[in-house]
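Chain letters run A, B, ... following the sequence lines, proteins first and then strands; every chain starts at 1. In what follows, every heavy atom counts, from backbone to side chain, and hydrogens, waters and symmetry copies are set aside.
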Amino acid sequence: MYYLPEQNLHIVLGNLQESYNVYIPEKKNNTLYYTLFSSKHNSYSIDEVRACEPLKAFFFKAREKVAENYKPAASHMNTKPLCIVGAKACDLKGFKVQDYVFLTDEFSDPFYRSMREENLIISADCSTALDTCFCMALGLKPYPEKDYDLNLSMLEKGCLVEIGSEKGETVVKNNKALFQEVTQAHKQQKIKIRDRVQKHVQLNIKNHKIPKESSLKNRIKKNYKGAFWKPEAETCVECGACNTICPTCHCFLLYDQGDAKKMARLRVWDSCMIKDFARVAGGANPRPELWMRLRNRFEKKFDFFPEVLGINACTGCGRCITACPAKIDIRKVLGRLTGNA
Amino acid sequence: MHNILNPYAVIKTKVVQVITETPTIKTLCLRPEIPFSFKTGQFIELTVPGIGEAPFTPSSDPARHDEIEVTIMRVGRVTEKIHQLKKNDAVGIRGPFGSGYPLELFKGNEVVVVGGGCGFAPVRSLMYSLFAISSELKKLVFRGGCKNPHEFLYKQELIGWTKQKGLDVRLTVDKVEKKGDWNYDVGLVTTILDDLKVDKSKAFAIICGPPIMMKFCTKKFLELKFKEKNLYLSMEKNMSCGIGKCGHCRIGRYYACKDGPVFRYDTIKNNEDIWE
Ligand code: SF4
Ligand code: SF4
Ligand code: FES
């Protein structure tokens, strides 16, 4: 672990621009959005909480051309690799699901893979929590414990840097002179902040009566009937916002454009809340009712992924709670599923 | 398959023949620019340039690598365009995807194949594969059903099978309008399953057809005391990517595109919506 004074951190990020497109959260109207780093600015918020947009958007783009004419190979994406600064613990969990979908088994996705393999992830501890944050109900701490190249714990005038990979180590080596030794006072500051944020998230969990992760097992199978789901879905307007904003949702639609001479295949984010999502060409639809699709969304997150990957595909980031125009609240649904609320 | 660089890209393919099977069903014979092989039960994605793609299980003999045939019912936007294709048009294909039928497992056993409606398409390719290993099968039984004689897919070929030695075949239609149109059974396909001369505790049954037909056939086979784990169903789902990523074809913990579309009944029976 090293200590990096604030102005030195700025220099390191500036140096990283040579080999990476460096993205960093910046506050606009009280909300954090990722923006391209520039050493001229100094208004970034590396700590605080997760940004508004899910990190999947950088790797599995909302809309992307995935094939052209009869070309067998993926057209080369020769932009600079990505460096993401300030990813939070919940963001990193999102990668777990996306990596499983796009990188495992015989057909890995060449577009996702090329972005992800070359990226540099500089995560950061949360220094506060939103009212909608409940990561600790899903097995996380509000600070990254693994799956990063470097992790930053922002302190008053600088940050502590933890190395998580060889790539991260190289960054430190290349900027060796800028890093300093860690003092006891630094360590104590870090612990203090981490404790404070954990208390905040725990209070959220208590206030919203969010169930323990262990009690989620098989809950949807036990509450499979419309009697449970119809009232839950009553206000849903089928907008799909909960899917698009979700760091773990990965479903997409392929659609073709052009004509016989020049064709392009596009991949766009899709939403399982939309009526035709599972409809087959012959017209049969396994999930014609909205409540079935809401149930499906929960089933995918809390039944399917635990079975195939061993984790719930929910990070506790709370994005869908804020995004839903119908005020459907995942915390409350989970509470009712487990008989907690 | 492992060397596909881009799983979304298609292989340029020429339509070499279009066969009108019934008023709503056509078979396309396709010649891909590069050799293409598949195992019976696997499916492909067929692209009409600029229009889109749709999944189909080839109906031809997997032993052929120069040409493949797909039999397609006109049901939607893409299939409408497919029906307008003519000889020498170019299309694209991707695949093959999915796991296919476990042919090895069938060797040394009695196998009953049931096909209905447009479900005949994959079944024909399966039958070709089973004919190829028929000397290693203890017994091969085929049961086919359709609404009426006019819509009976591959009718002449199937009638040919009824005369084939060593093959136990029965064909049925739900209804005959004119006498003399049909010299075989009349009634639902489940009614020609009662006389199966196989050891029901050991025999395999493969069912392929519209969901409602598969549902009733499965019920029937279970009543006949076939084992759940010996029943194979081919599930029609909204397959798109073909590679377990787009999320469209999930059945419980499986993806039809990757873990199916052929499933052993006992592995999916607990999912409520399998017959939808
Ligand atoms: S959910 Fe947890 S990790 Fe994510 S932003 Fe909130 S406090 Fe941080
Ligand atoms: S965001 Fe809310 S209203 Fe929109 S589809 Fe999701 S649950 Fe329904
Ligand atoms: S077709 Fe995309 S996941 Fe099965």
Top residue by heavy-atom pair count (under 4.5 Å) with chain A, among [options]?
options: B:P55, B:C249, B:C246; answer: B:C246
options: B:T79, B:I243, B:I51; answer: B:I243
options: B:T47, B:V48, B:T13, B:N270; answer: B:T47

With a 4.0 Å cut-off, would you call [X] and [Y] a salt bridge?
X: B:R31; Y: B:D66; answer: no
X: A:R267; Y: A:D109; answer: yes
X: A:E289; Y: A:K230; answer: no
X: B:E21; Y: B:K26; answer: no
X: A:D329; Y: A:R331; answer: yes
X: B:E228; Y: B:R264; answer: no

| task | Report, by ascending residue number, the residues of residues 80-92 of chain B in heavy-atom contact with chain A at a distance under 4.5 Å; give 'none' if the set is empty. | result |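 Under the 4.5 Å heavy-atom cut-off, B:A90, B:V91, B:G92 qualify.
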
Aromatic ring proximity, centroids under 6.0 angstrom, [Y] and [X]:
X: A:F298; Y: A:W229; result: yes
X: A:F277; Y: B:H248; result: yes
X: A:F111; Y: A:F59; result: no
X: B:Y265; Y: B:Y232; result: no
X: B:F97; Y: B:F43; result: yes

| Which of the residues A:F102, A:Y100, A:F304, A:Y224 is involved in the greatest number of heavy-atom pairs with chain B at under 4.5 angstrom? |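 The answer is A:F304.
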
| task | Output the option from A:M292, A:K261, A:K262, A:K300 having the highest count of non-hydrogen pairs under 4.5 Å with chain B. | result |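 Going by pairs under 4.5 Å, I would pick A:K300.
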
| field | Distance, nearest 0.5 Å, that separates CG of B:L28 from CD of B:E67 | value |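 It is 11.5 Å, given to the nearest 0.5 Å.
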
| message | What's the separation between atom CD in A:E307 and atom CZ in B:R253, rounded to the nearest 0.5 Å? | response |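 If we round to the nearest 0.5 Å, A:E307:CD and B:R253:CZ are 5.0 Å apart.
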
| request: Could you please spell out the steps behind the side-chain contact (heavy atoms from CB on, under 4.5 Å) verdict for A:I84 and A:N119? | output: CA-CA 8 Å; A:I84 307 281; A:N119 72 185; 5.8 Å; no

Where on [X] is there a heavy atom nearer than 4.5 Å to chain B: the side chain, the backbone, both, or neither?
X: A:D276; answer: backbone
X: A:R265; answer: side chain
X: A:D270; answer: side chain
X: A:K221; answer: neither
X: A:F305; answer: neither
X: A:N69; answer: backbone

| message | Whether A:K56 engages the ring of A:W269 as a cation-pi pair (distance to the six-membered ring centre under 6.0 angstrom, angle to the ring normal within 45°) should be assessed. | response |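 Geometry flag: set, cation within 6.0 Å and 45°.
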
| How about residues 248-257 of chain A versus chain B: which residues have heavy atoms under 4.5 Å apart? |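 Residues of residues 248-257 of chain A touching chain B at under 4.5 Å: A:H250, A:C251, A:F252, A:L253, A:L254, A:D256, A:Q257.
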
